[in-house]
Structure formats: C-alpha cells, structure tokens
Protein chains: 2
Amino acid sequence: MAKALRTKDKIIIAAEKLFSEHGFEQTSLRQITSEAEVNLASVNYHFGSKKALIQAVMARYQSVFMPALAEQLHQLQKHPEQITTKDVLACTMQPMIALRHVRLDGPVIYLRLLGYAYSEIQGHLRKFTMSNYGEIVHEFFQLIQQANPSVCPKTLFWRLHFSLGAMLFAQTSSQALREIAAADFGEETQAEETLLKLLPFVAAGISAAEPDVES
Amino acid sequence: MAKALRTKDKIIIAAEKLFSEHGFEQTSLRQITSEAEVNLASVNYHFGSKKALIQAVMARYQSVFMPALAEQLHQLQKHPEQITTKDVLACTMQPMIALRHVRLDGPVIYLRLLGYAYSEIQGHLRKFTMSNYGEIVHEFFQLIQQANPSVCPKTLFWRLHFSLGAMLFAQTSSQALREIAAADFGEETQAEETLLKLLPFVAAGISAAEPDVES
DNA sequence: ACCTTAGTTAAACGATCGTTTTAAATAAGG
DNA sequence: CCTTATTTAAAACGATCGTTTAACTAAGGT
C-alpha cells in the first residue's frame, strides 16, 4: 500500500510537469508514465481515465488555492470602507505562494495549467470551478465591484476576463516571451517579475473610466 | 483550371471556419474535406501538408491586415507631436474591418485564428509574422513607446503582450463568455461590443504609472 | 496452507490521425 | 482523335492515441 501511494503520486507529479509544459491534449499517457517510470495501464487503474487524471491534477491545486483566497477576501472585508482594485487583486498573491506547499514550483505550474485548461477544455474547467468554488469567485467579483462603484458590473465582468486572459497568456508563453525580452533588452526577466508587472496593468485596466456612450 | 481554383478555395473556406471554431490541432483534415465536400487527398495535393494549409490560411489574412496597419501607422506619424496610446491602438481598427473583403466574417475569424495560433504553435506563428512583417510590428511598438515616454520600454513590451493575451483570450472564449454574461446581466453582448470594451481596458493598462521600485 | 485482494506488467484492441499510393476521370493541345 | 498533363477518387499505410484485457506478483486474513 505504501508502494501503491507512491505510484499514484509519481503519476501526479509527472503529469503536472508535462501538462504544464505542453498542455493537456498534447501530453500522452505514454509520456506521463514514461516520465514517472510506471506502467502505462496504471493511470487507468488509479485514476480511471485521462480526463479523471486531469481533474485530479487541477483539483489538487484548486483545493489549496481557493480556500486560501477565501481567507484573504474575508480579511479584506473587515475594513470594507476603502477597498481598492489593487487590494482585491493582491488577495491572490498569498494563495499563489501557498501553492509552494503543494510543490516547490507550484505557483508557476498552477498558472500554466490554468492557461491550458481554459484554452483547451473551455467550459469544462469553468463548470468544475464554479460548482465547487462558485461562492468564492462570486465574492471576489463583488469586492471588485465594491472597489469600482463607477464602473458598470457588465463592464467589470469583461475586464476581469480580459485580466485573466492577460495573465494566462503571459504565463503560457512566458518562456518564449522572456527569451525575446532578454534578446531585445539585454537583461533577463524572472518569472515572478512578470507577475509583478501584471498587477499595475490589470489594476489600471479594470478601474479605467468608461468612455461616453454616444447614442 | 477554373474548377481547380474552386476546389482549393473550398478547402480554404472550410479550413478557416473549422480552424477558428476548434483550433488547428483539434481540426482534422477529414473534417475539413468533409465540410468542403472535396476529397481527403486534395488537401495534400493542393497545399502539400496540413501545416502548409495552416500557413496559407494565416497568410491570407496577414497579407491584408498588415499592410493596412502599416498605412494607418504612417498616417498617424504625420502628426507625431500628440500621439496617445489609444490613437496607436485605434490604428488596428480599420485593418480589422478591411478583413471583411477577405470574408464576410473575416475580423472574427482572424482574431480567433490568432488566438489558437499563439496558444498552439507558439513560436511558429511568431517567427512567420516577424520575418514577413517585423518592420510593421516594430513601428507599432515604437509608436506605443512614443505615446508613453514615462514608461520604460521593457515594461511596455510586457504590457503589449498582456494586451494581446487579453484580446486573444476574450476572442477565443468569447462565445462561452457572452453566454455567461447574458445569463448574469440579462442583456446580450455582441462580438463587436467586446472589442469596444477591450480598447479602454488595454489603453489604461499600457499607460498605467509604474510603481516605485524599492531597493 | 489457502484464498482473497490490491497492484503491476506486457500485450493487444479499436479508433483516429496525416500522409501516400494507385488508378480513374477530366481537360487541353496538337 | 489521340496524347499528355492535371485533377479527383478510393483505398491503404504507418504511427499514435486512450483504453482494456489477462496473466502475474505479493501481501494479509482466516
């Protein structure tokens, strides 16, 4: 049984790495089991199917990230009078760092997984996330609204998804972009630096004044 | 020969549609030839390979969009004294509309193709674009710098890619997002409305003040 | 000792993919 | 009308995929 758990874990660890590097559909079970040095059939034995393995991988990170995010949001709500967009966005930082307990490079892995999950299995991940953590997501959105009372909710909805897209895109193609940036600007950009650069960008975008609508 | 062109065109038209709906790798040649009502082998006969077909599809739009963008940028440079970020970004609007000459729903198709191209074949498309239209891209970047003299070029580089990510993500998952938005806010959001909402968001993000760096 | 159960292994299955091959049909030119 | 080149059609190829099967191993309980 101790050996069994180790096999299951070896699969998870290898799957996370390969999924985050090449995406879900581009990664075959044979690559995973080869990297994990286990038998091909053991994936279907321990997880049932590839889809179930993907969900298990995602769930492992969500189950750490989401409650931590909820905790941060609750703390922020204790002083609800002067909440800024940046405050709400900053609530995602500590939960990201907490992912290091799942895996040393947990934060990077999780972001890349998210990127692939959204671009490949569109509705799938969203349904899964909303049915399990819909309340937390809703809370997050409410705080963003609270921080931007002059922007209409529908616009904020879109801007949040623009922000999500900016982050996921930057993360998914971060390696290629960092190489280009290094070639163009001499100095190298660290992965964490990218996230730091993202925050002011999306904060300004979310809180931007809405242009007048001419009828 | 007239019939031949029609077959090649039928393949292109079907491929554009299916590629933009499901991505490049998720679309099989059998789907394309079935949709186009031509024989499976004709793709390899007329285009050589699936990869060549993908490039032909992308090139058809790039060859219209990029020169049109160059024209807009040149016009803007005639009055270089008071260029804003929004001015530079607005230069992409007319070239987008010009894609209607390629196909009625050209703009939507092109954006979705771009989204998949970036997320699936990362380096591939970038190399192709830069080697053919690198000058125009560089010009665009220079104007963005000109409009934001107080923001360092490296930061602008990243913010431009954040913007690209926001746009591509919104476009790739626009159908799903518009359905959710309709469910949450009652009214439906049009595809063009999404692009209009994007402009103020990215303009504000690009021109945002850089936070102080503490040493 | 025996049986049950969990786990592992190697091999094969059926399906789908891009591509190639072969031959038939078509159009053009002398 | 025959010849030639181009285009279409059908079939098969080889590779890869996720999944399943069946035999084998090794504990644990009775």
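Each chain gets a letter, A, B and so on, in the order its sequence line appears, and its residues count up from 1.
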message = Suppose the criterion is salt bridge (charged side-chain N to carboxylate O under 4.0 Å, His left out): which pairs have a residue in residues 174-184 of chain B, not counting sequence neighbours?
response =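 Pairs touching residues 174-184 of chain B that pass the test: none.
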
Within this structure, what is the [atom1]-to-[atom2] distance between [X] and [N], rounded to whole angstrom?
X	N	atom1	atom2	result
B:Asp9	D:dT7	CG	P	13 Å
A:Asn39	D:dC24	CG	C1'	12 Å
A:Phe47	C:dG7	CZ	P	12 Å
A:Tyr45	C:dA6	OH	P	6 Å
B:Ile11	D:dT7	CD1	C1'	11 Å

message = For A:Val151, give me all partners under side-chain contact (heavy atoms from CB on, under 4.5 Å), at least two apart in sequence or on another chain.
response =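 Checked A:Val151 against side-chain contact (heavy atoms from CB on, under 4.5 Å); matches are A:Asn148, A:Thr155, A:Leu156, A:Arg159, A:Glu210.
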
message = Restricting to non-hydrogen atoms, name the atom on A:Met96 and the atom on A:Phe65 that form the minimum distance, rounded to 0.1 Å.
response =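 Heavy atoms of A:Met96 and A:Phe65 come nearest at SD-CE1, 3.5 Å.
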
ask   = Could you give all pairs that pass the side-chain hydrogen bond (donor to acceptor under 3.5 Å, both in side chains) test and reach residues 131-145 of chain A, with sequence neighbours left out?
value =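 Non-adjacent pairs meeting side-chain hydrogen bond (donor to acceptor under 3.5 Å, both in side chains): A:His74-A:Glu139.
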
ask   = Under the side-chain hydrogen bond (donor to acceptor under 3.5 Å, both in side chains) rule, what pairs show up with a residue in residues 56-65 of chain A, not counting sequence neighbours?
value =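 Passing the test, one end in residues 56-65 of chain A: A:Glu16-A:Arg60, A:Glu16-A:Tyr61, A:Gln62-A:Tyr110, A:Gln62-A:Thr129.
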
query = Does A:His46 make a side-chain N or O approach to OP1 or OP2 of C:dT8 shorter than 4.0 Å?
reply =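 Checking C:dT8 against A:His46, a side-chain N or O does come within under 4.0 Å of OP1 or OP2.
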
query = Counting just side-chain N and O atoms, does A:Thr7 come under 4.0 Å of either OP1 or OP2 of C:dT8?
reply =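 So the side chain of A:Thr7 is within the cut-off, an N or O lying under 4.0 Å from OP1 or OP2 of C:dT8.
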
inquiry  = Across nucleotides 15-21 of chain C, 5' to 3', mark each nucleotide with B, S or - according to how protein heavy atoms within less than 4.0 Å reach it.
reply    = --BBBB-

request  = Could I get the full list of ring-ring contact (aromatic ring centres under 6.0 Å, His included) partners for A:Phe185, not counting sequence neighbours?
outcome  =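 Testing A:Phe185 for ring-ring contact (aromatic ring centres under 6.0 Å, His included), a comparison that skips the adjacent residues, returns B:Phe157.
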
